[in-house]
Amino acid sequence: MTHQEQYTLYRQEAKLLAAVGEHVHHQVGRVTVRLPAELARAAMAAWERDDEGELGEETWEEREQRDQAGELALIGLALTEDGRHDGGEVVVDLHVSSAGAAFRAYIEAAGPAFRQTGPAYPPSPQPDPDA
């Protein structure tokens with residue numbers, strides 16, 4: 001497969017992922033998350049921060065970091081508006097897209113350590129061969 005053919009396939013698969021997302025969108029909403037109070041305060045501070053001035057041209061990595069900082073700020077907004085203190089934690093119902101962004105950032109930061117331990121959710125149940 002040529003380089004161009006490979007990227008044509010990637011574009012088609014990106015459209016398929018968006019089609020999956022359309023169906024997911026109608027089936028998910030919010031997820032309840034518990035965060036340590038200190039981490040919640042840091043997210044809220046990201047929301048409160050006022051960025052000023054033009055950034056100019058960004059590298060891919062800088063843009064990715066800015067996007068992640070923006071996701072953190074949106075989590076901070078949710079915590080500011082709806083967070084509930086419970087002991088040393090803050091509980092908030094996050095939109096699944098915000099929770100997913102945080103989870104993807106964790107996977108990226110964990111790198112090979114995440115891949116070695118696997119995802120934090122159980123595998124799908126398998127049919128009982130004796131049933």
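Note that these values count all heavy atoms, side chains included, but never hydrogens, waters or copies made by symmetry.
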Visitor: Report the distance from atom NE2 of His95 to atom CZ of Arg30, rounding to the nearest 0.5 Å.
Guide: 6.5 Å
Visitor: Determine whether Val24 and Gln27 make a side-chain contact, defined as any pair of heavy atoms from C-beta on separated by less than 4.5 Å.
Guide: no
Visitor: Give, for atom CG of Leu77 and atom OG of Ser98, the distance between the pair rounded to the nearest 0.5 Å.
Guide: 9.0 Å
Visitor: Looking only at heavy atoms, what is the nearest atom pair of Leu72 and Ala43, with distance?
Guide: CD1-CB, 3.6 Å
Visitor: Charged N to carboxylate O below 4.0 Å: is that the case for Asp82 and Arg84?
Guide: no
Visitor: Would you name the heavy atoms of Gly83 and Val90 that are closest together and state the gap between them?
Guide: CA-CG1, 3.8 Å
Visitor: Heavy-atom count around His85 NE2 within 6.0 Å, excluding the residue itself: above 12?
Guide: no
Visitor: Of all the heavy-atom pairs spanning Ala73 and Ala46, show the shortest one and how long it is.
Guide: CB-O, 3.8 Å
Visitor: Leu79 and Leu39: same hydrophobic cluster, using ILVMFWY side-chain contacts below 4.5 Å?
Guide: yes
Visitor: Are the side chains of Val91 and Val33 in touch, meaning some heavy atoms are under 4.5 Å apart?
Guide: no
Visitor: Are Leu16 and Leu9 connected in the hydrophobic side-chain network, where two residues link if heavy atoms are under 4.5 Å apart?
Guide: no
Visitor: Classify the ring geometry of His3 against Tyr7: parallel below 30°, tilted from 30° to 60°, perpendicular beyond 60°.
Guide: tilted
Visitor: Which heavy-atom pair separates Glu62 from Glu57 by the least distance, and what is that distance?
Guide: OE1-O, 4.1 Å
Visitor: Do Arg34 and Glu89 meet the salt-bridge criterion of a basic N to acidic O distance under 4.0 Å?
Guide: yes
Visitor: Say you draw a straight line from CG of Leu35 to CD1 of Ile75; how long is it, rounded to the nearest 0.5 Å?
Guide: 7.5 Å
Visitor: Determine the minimum heavy-atom distance between Val31 and Ala99, stating which atoms define it.
Guide: CG1-CB, 3.5 Å
Visitor: Using a 4.5 Å cut-off on heavy atoms from C-beta on, say whether the side chain of Glu108 contacts that of Gln68.
Guide: yes
Visitor: Above 12 or not: heavy atoms from other molecules or residues under 6.0 Å from CD of Glu61?
Guide: no
Visitor: Please confirm whether the backbone N or O of Thr2 pairs with a side-chain atom of Glu5, one donor and one acceptor, at under 3.5 Å?
Guide: yes
Visitor: What are the two closest heavy atoms between Gly76 and Met44, and how far apart are they?
Guide: O-CG, 3.5 Å
Visitor: With side chain to side chain donor-acceptor pair (under 3.5 Å) as the test, pick out the partner of Glu58 among Arg66, Arg63, Gln65.
Guide: Arg66
Visitor: About how many Å separate OG1 of Thr80 and CD of Glu48, when rounded to the nearest 0.5 Å?
Guide: 5.5 Å
